[in-house]
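This structure is a prediction, so every number in the text was calculated from the model and none was measured.
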Amino acid sequence: MDTFVLQAIAAELSENLLGARLERISQTDAHTIVLFFSGAGRERRALLMSTNPVHPRVHLTADPPPSLPEAPTFCRALRKHLSGHRLTRAAAGEWERVLQFSFERGGGSGDSFALMAEVMGRWSNLVLLSGATGEILEAKRFVPPGPHTPRPLERGGRYQLPPEQKKANPADLTKEMLLEMIHGADLGSADPKEFARWLVRSIAGVSPALARELAGASNAEEGWVAAADALMSVVESCQKKEFSPAWMLGAGGEPHALSAARIAGMDAASYRAFGSMNEAADAFYGRLVKGSRLGERKKRVARTLRRAGERVRSSIEAVRRDLASAGEAEDVLRKGELLLAHLGEVEEKASAVSLSSEEEQIEITLDPRLTPSENAQKYFRRYKKLKRRASTGLARLQEMEEEERFIGALAFDLESAEETEDLLSVEEALAQAGYAGRGREKKSERDARTKGRQAARARPYRRFVSPKGWEVVVGKNAMGNDEMLKNVGRASDTWLHARGVPGSHVLLRRSDGEPAAPDEEALAQAAAFAAYFSRGRTDSKLQVAYLPFSRLRKPKGRRPGQVLIGAHETILVDPDTGKRLCEEWEEVG
């Protein structure tokens, strides 16, 4: 948020929020506070303030994030001093990125406070002051005094505005003065990037995004005259409170910054207009922060998956070592039998003995602390242990390999997750599998939580209908696949899945519900869906397995979405066909 955007935000808040009563205060993360106001007609509004170093901001929000379960110190201080007070002032300092919110208690008690929101990148802060004395009561971030501290912030100290930057004040500039500064900086041959950097360094309140827009409105050949005109026009608009709230759009139409005033001469397609600056900011940061939060959450889930995968691979290696050692069982038995048959030939306390067996000398290691008979019994016990490993090792190896495939499928689901709902399903599958610290939940608790989540979430699968009346159901992830197995699939359906790679379960059926065997075209189309919604979607051709749904088996204890398939057939398809069909077929709710 640059100074011009903050001026627009403050002007709207001053017009629409003054006199509103502060009813509730919550903290939603380490950086973000939300103030809930009620005004005339019981209208409620939420004002979000964030000191996030990457996305610092202040704006009204229509969708406040959920509160932390326990309020941190700063939030508790705000509740203590501001709850029940009315907002009497909302103003932005002139060309400073600081907003002041003043609060007074009704009834003429004289009890007043000020909340200073400093929106300054990684130095952003929220400071609560006594309205009568300017004394600092609490702050999100205190700054201790020191030889290199230009402005200490301590509890009980006097508040000072951030030090003025060594930049020109836009209000004091004229076009002629600005052009003289440009000439003095020898920018006649500068490229737009260099000119934009100079604007940020030289003019107070100009953000990098605004500087790029200004540089794009002019060029060095004309001495940056158009850029100077555009900047003075923006300054004049803000001084007159004539704002034009909008998003600045990039080449692909994606928003990259907020704009409080249009740049003269810029293509209208470079902006997306909004009815208010607060609305524009709420939509912009909602989109931006949502993607950032989703990314952070995906990283956390990826770490859980990575640790789970490492544990499973370690277990697989251990089982394989056990199976390899189990191959020694017959040799161990042979040595034990030889010892037992030649006890009289073995010296007491010997550490080894060489015995004949079918014209072959066998070297046998002994424990000198044991008698020859005890050494023979030790070999027999070792033989039984190795045989047990051999009998259980193969089943254990199969179980671990299935676990590895399950984790690989979840990793694919995580890669494909584009919405919070998709990520919730991955987390749910991890929880059901006993990962993410939830493996010891009681079944009743887990089932109740799962039921509640599923009720609140969108359906975990998609349905497509062809012009010829065939319906294809595609699981979105492991939980969606599991839901299809438990509650969606019918005995008459055809089940499909890409062979050898993680992907979605797919069901093929008639859209009218009538049982019918699919024709070759419908089968190939459903297989294309299965290929496209799999990790093999980039292959030119992919094998897809299919069989009647009635022949699938999901043994008890299997992970979400895992099944056993017996005899089946395959079909070779192009995954790109599935992508095309997604666009051509009707998707139904």
Side-chain angles (χ1 to χ4, degrees), residues 1-16 48 50 52 54-63 92 95 97 99 119 121 170-171 173 175 178 182 191-200 202-220 222 224-292:
M1 282 188 165
D2 61 27
T3 297
F4 305 101
V5 170
L6 289 175
Q7 291 281 346
I9 293 280
E12 292 175 6
L13 294 177
S14 183
E15 180 180 350
N16 300 312
L48 183 148
S50 179
N52 185 300
V54 180
H55 306 303
R57 59 201 186 276
V58 175
H59 58 81
L60 292 172
T61 179
D63 186 21
W95 313 117
R97 290 192 290 173
L99 280 72
V119 188
L173 285 177
K175 176 183 175 181
L178 182 56
I182 294 171
D191 62 22
K193 289 184 179 179
E194 183 181 350
F195 179 69
R197 288 193 291 267
W198 177 84
L199 283 173
V200 173
S202 306
I203 313 297
V206 175
S207 66
L210 176 59
R212 288 193 295 271
E213 296 294 311
L214 292 169
S218 188
N219 56 63
E222 59 180 20
W224 304 107
V225 173
D229 281 333
L231 176 57
M232 298 315 300
S233 175
V234 170
V235 172
E236 183 180 358
S237 296
C238 289
Q239 288 175 324
K240 293 180 177 180
K241 308 297 183 186
E242 296 174 350
F243 301 106
S244 301
W247 286 352
M248 294 182 187
L249 305 178
E254 289 296 310
H256 65 84
L258 292 168
S259 172
R262 298 289 182 90
I263 306 295
M266 293 297 292
D267 185 359
S270 301
Y271 296 94
R272 177 182 168 182
F274 282 82
S276 75
M277 198 73 249
N278 279 273
E279 180 188 354
D282 190 29
F284 179 77
Y285 286 107
R287 180 187 183 119
L288 197 66
V289 174
K290 179 183 178 182
S292 176

Please examine the side chains of Pro255 and Arg272, heavy atoms only from C-beta on, and report whether any two atoms are closer than 4.5 Å. no

Look up atom CD in Gln239 and atom CE in Met232, then write down how far apart they are to the nearest 0.5 Å. 7.5 Å

Are Arg197 and Val200 close enough that some pair of their side-chain heavy atoms sits under 4.5 Å apart? no

How long is the straight-line distance from CG of Leu199 back to CD of Glu194, given to the nearest 0.5 Å? 11.0 Å

Looking only at atom types and distance, does a side-chain atom of Ser14 sit under 3.5 Å from a main-chain N or O of Ala10, one as donor and one as acceptor? no

Reported NZ-to-OG distance for the pair Lys175 and Ser233, which is rounded to 0.5 angstrom: 11.5 Å

Is the number of heavy atoms from other residues, nucleotides or ligands within 6.0 Å of NZ (Lys241) greater than 12? yes

Nearest atoms (heavy-atom pairs only) where Leu214 meets Ala227: O-CB, 3.4 Å

Do Met1 and Phe284 have side chains that get closer than 4.5 Å, going by heavy atoms? no

Would you say the side chain of Met248 lies within less than 4.5 Å of the side chain of Arg212, judging by non-hydrogen atoms? no

Provide the closest heavy-atom pair for Ala196 versus Ala211 in the form atom of the first, atom of the second, distance. O-CB, 3.4 Å

Kindly indicate whether the side chain of Val5, heavy atoms from C-beta on, has any atom under 4.5 Å from the side chain of Phe243. no

Only one of Ile9, Leu6, Asp282, Leu48 passes side chain to side chain contact (heavy atoms under 4.5 Å, CB included) with Arg57; say which it is. Leu48

With side chains defined as the heavy atoms from C-beta onward, is the minimum distance between Thr61 and Tyr285 less than 4.5 Å? no

So, taking the atom named OG in Ser244 and the one named CE in Met277, what distance separates them when rounded to the nearest 0.5 Å? 10.0 Å

Starting at CD of Glu254, measure out to CG of Leu249 and round the result to the nearest 0.5 Å. 8.5 Å

Could you tell me whether the side chain of Ile263 reaches within less than 4.5 Å of the side chain of Leu210, counting heavy atoms only? yes

Students often mix this up, so state it plainly: with edges at 30° and 60°, are the rings of Phe195 and Trp224 parallel, tilted or perpendicular? parallel

Which value, rounded to the nearest 0.5 Å, describes the distance between Ser276 atom OG and Leu60 atom CG? 7.5 Å

Pick out which of Val206, Thr3, Ile203, Leu231 makes a side chain to side chain contact (heavy atoms under 4.5 Å, CB included) with Pro170. Ile203

With heavy-atom distances below 4.5 Å as the criterion, would you say the side chains of Glu12 and His59 are in contact? no

